[in-house]
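For reference, the structure discussed in these notes is given below.
No hydrogens, no waters, no symmetry mates; every other heavy atom, side chains included, goes into these values.
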Amino acid sequence: MSQTQRTLIRGARILGGAPRDVLIDGETIAEAGAGLPADGATVVEADGRVLLPGLVDLHTHLREPGREDSETVLTGTRAAAAGGFTAVHAMANTFPVADTAGVVEQVWRLGAESGYCDVQPVGAVTVGLGGKQLAELGAMHDSAAGVVVFSDDGKCVDDAVIMRRALEYVKAFDGVIAQHAQEPRLTEGAQMNEGVVSAELGLAGWPAVAEESIIARDVLLAAHVGSRVHICHLSTAGSVELVRWAKSKGWQVTAEVTPHHLLLTDDLVRSYDPVYKVNPPLRTETDVLALREALADGTIDCVATDHAPHPHEDKDCEWGAAAMGMVGLETALSVVQHTMVDTGLLDWAAVADRMSIRPAAIGRLTGQGRPIAAGEPANLTLLDPAHRAVVDPAAFASRSRNSPYRGRELPGRVTHTFLRGRATVRDGELV
């Protein structure tokens with residue numbers, strides 16, 4: 001580009017506050033204030049829409065390499081941009097597994113080439129997600145991808161000795177182990193949440209204690225080692241209490257919740273529609289309310305999508321044979337508005353904290369989750385919270401369509417996303 005790109009966002013409510021103007025010059029915010037002159041800049045009339053820092057997802061499955069029939073780095077980052085995200089963390093359960101410097105660098109480079117959002121690879125904790133031998137954690141950290149977050153997500157690091165060694169290893173470079181908390185022996189053959197509904201339907205149950213027992217062990221290990229542990233997709237009221245207790249001790253424990261666990265319950269499984277099959281499973285109304293309260297009071301640090309795309313044939317089958325997982329990048333902000341903002345539990349400044357500032361801090365992304373102020377990187381999301389629409393997965397940018405919100409009306413629409421000053425979404429359309 002021969003000349004610096006300038007954009008004036010006029011009349012935006014920064015973090016939901018009073019309308020102000022934001023001038024973007026090149027990759028950074030030049031000025032934020034009232035009545036700023038356009039001076040030849042491209043003008044975006046915000047008309048009182050909400051301006052947030054670009055969203056950051058700590059938990060995304062981009063599927064490439066190996067499962068490009070589900071998603072690619074390009075289609076996944078296009079979906080992310082459409083949802084208001086400027087950075088995503090790409091999980092390691094690819095084929096081959098992202099357990100070496102070579103694979104994480106490949107994912108990182110594909111992200112850079114896509115140009116729709118920053119892609120920060122998550123490295124596997126163990127070789128091949130096998131849970132037996134530590135992967136090349138140091139080599140992945142020292143690679144061009146600069147990996148800081150490590151997870152065997154999809155599988156639990158259930159061996160306490162391996163988990164301890166991983167926590168000790170990453171402490172050297174301020175890394176974090178992100179744990180998929182699932183005691184495997186307690187969840188063999190599990191199909192849904194263990195409770196009243198599973199008993200009525202005769203489906204094998206996934207008990208809350210299978211999550212909670214691993215969290216209890218891992219927060220104790222993190223305290224013993226003096227290292228950082230992050231709890232992926234926390235889903236039960238008991239898990240909330242364990243994290244709250246660990247934080248009260250001053251331990252380095254963080255946690256995330258998915259949009260679907262903030263809204264949906266195991267009652268939906270009565271339909272036997274595999275779109276509702278997910279790991280951890282949809283829980284009870286009591287759990288949902290506890291998760292909302294914990295996100296509101298900061299016990300749960302952030303919202304992470306656990307965007308898990310699957311091709312049609314992996315979901316359009318009987319419940320028992322169906323894959324677990326849901327797409328979530330393009331609906332995350334709407335679900336958070338519906339469950340947290342419209343209910344009065346969070347204001348927009350708190351949404352910015354839970355969906356941008358804190359996940360960027362946990363993942364140590366220096367250029368993301370920054371204030372909307374002069375001199376800061378222009379990673380921004382403009383949202384129309386008054387918009388209402390019925391979710392149509394056919395319109396998604398994601399390659400997969402396994403959304404649990406099909407046909408459901410949700411509020412809010414991302415109209416613009418800016419990645420370092422460049423529009424990736426303009427007027428609700430990908431650029």
Side-chain angles (χ1 to χ4, degrees), residues 56-59 89 91-92 120 122-123 125-126 134 137 141 147-153 155-183 208-258 261-262 280 283 287 290-306 346 350 353-365 369:
V56 176
D57 190 13
L58 268 173
H59 194 145
H89 290 72
M91 282 295 173
Q120 180 55 51
V122 173
V125 178
T126 65
L134 283 186
L137 309 183
H141 175 68
V147 176
V148 175
V149 182
F150 298 87
S151 182
D152 277 1
D153 181 68
K155 295 185 177 179
C156 178
V157 181
D158 62 314
D159 185 313
V161 174
I162 295 284
M163 187 64 180
R164 175 185 174 168
R165 285 181 186 149
L167 287 164
E168 287 171 338
Y169 198 111
V170 301
K171 187 181 174 184
F173 49 78
D174 191 33
V176 60
I177 302 297
Q179 175 70 291
H180 173 113
Q182 177 183 4
E183 167 50 59
V209 70
E211 176 172 301
E212 294 154 10
S213 59
I214 295 293
I215 293 175
R217 183 200 75 178
D218 286 353
V219 299
L220 290 166
L221 283 173
H224 178 70
V225 172
S227 191
R228 295 201 293 147
V229 69
H230 176 74
I231 309 303
C232 295
H233 46 48
L234 184 149
S235 71
T236 78
S239 295
V240 165
E241 292 308 312
L242 288 163
V243 170
R244 189 173 277 135
W245 172 74
K247 287 190 168 194
S248 77
K249 299 281 192 182
W251 299 343
Q252 296 181 79
V253 176
T254 54
E256 70 191 31
V257 64
T258 71
H261 285 114
L262 290 172
R283 304 289 190 181
D287 294 309
L291 295 172
R292 291 184 187 182
E293 291 292 341
L295 184 63
D297 69 24
T299 299
I300 295 174
D301 297 83
C302 60
V303 175
T305 68
D306 192 9
L346 290 181
D353 178 69
R354 308 301 195 276
M355 295 190 76
S356 181
I357 297 166
R358 285 214 224 182
I362 292 166
R364 301 299 193 250
L365 296 184

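H233 and H59 have tilted rings, their planes meeting at an angle from 30° to 60° on a 0 to 90° scale.
Between I215 and A181, the shortest heavy-atom distance links the atoms CG1-CB, 3.7 Å. Nearest approach of F173 to L137, heavy atoms of both residues: CZ-O, 4.2 Å. Of all heavy-atom pairs between M91 and L58, the closest is CE-O, 3.8 Å. Contact between W251 and L220 at its shortest, heavy atoms only, is CH2-CD2, 3.9 Å. Nearest heavy atom pair, residue K247 against residue T254, reads CE-CA, 4.4 Å. Annotation for H180 and K155: closest pair CB-O, 3.5 Å, computed over non-hydrogen atoms.
The backbone N or O of V170 sits nowhere less than 3.5 Å from a side-chain atom of R228 that would complete a donor-acceptor pair. Looking only at distances, a side-chain donor or acceptor of H141 sits under 3.5 Å from a matching main-chain atom of V147. In this structure a side-chain-to-backbone donor-acceptor pair under 3.5 Å is missing from H261 to D287.
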Checking side chain to side chain contact (heavy atoms under 4.5 Å, CB included) for the pair L242/V219: CA distance, chi angles, key distance, verdict? CA-CA 8 Å; L242 288 163; V219 299; 5.7 Å; no

With side chain to side chain contact (heavy atoms under 4.5 Å, CB included) as the test, would you mind laying out the steps for D306 and D153 before giving the verdict? CA-CA 10 Å; D306 192 9; D153 181 68; 4.2 Å; yes

Go through the steps for R164 and H224 under the test side chain to side chain contact (heavy atoms under 4.5 Å, CB included), then give the verdict. CA-CA 9 Å; R164 175 185 174 168; H224 178 70; 3.7 Å; yes

Apply side chain to side chain contact (heavy atoms under 4.5 Å, CB included) to V149 and R364, showing your working. CA-CA 9 Å; V149 182; R364 301 299 193 250; over 6 Å; no

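No hydrogens or angles considered: nothing links the side chains of E183 and S213 as a donor-acceptor pair under 3.5 Å. Residues R283 and S235 bring a donor and an acceptor atom of their side chains to less than 3.5 Å of each other.
A side chain to side chain contact (heavy atoms under 4.5 Å, CB included) with V253 is found for exactly one of D218, V229, D301, namely V229.
Rounding to the nearest 0.5 Å gives a distance of 8.5 Å between CZ of R244 and CD1 of I300. For the atom pair CD of E293 and OG1 of T299, the computed distance is 10.0 Å after rounding to the nearest 0.5 Å. Going from atom CG of D158 over to atom CD of Q179 covers 8.5 Å, rounded to the nearest 0.5 Å. A distance of 9.5 Å separates CE in M355 from SG in C302, rounded to the nearest 0.5 Å. Separating the CD atom in E211 from the OG1 atom in T236 is a distance of 4.5 Å, to the nearest 0.5 Å. Expressed to the nearest 0.5 Å, how far CG of D174 lies from OG of S227 amounts to 8.5 Å.
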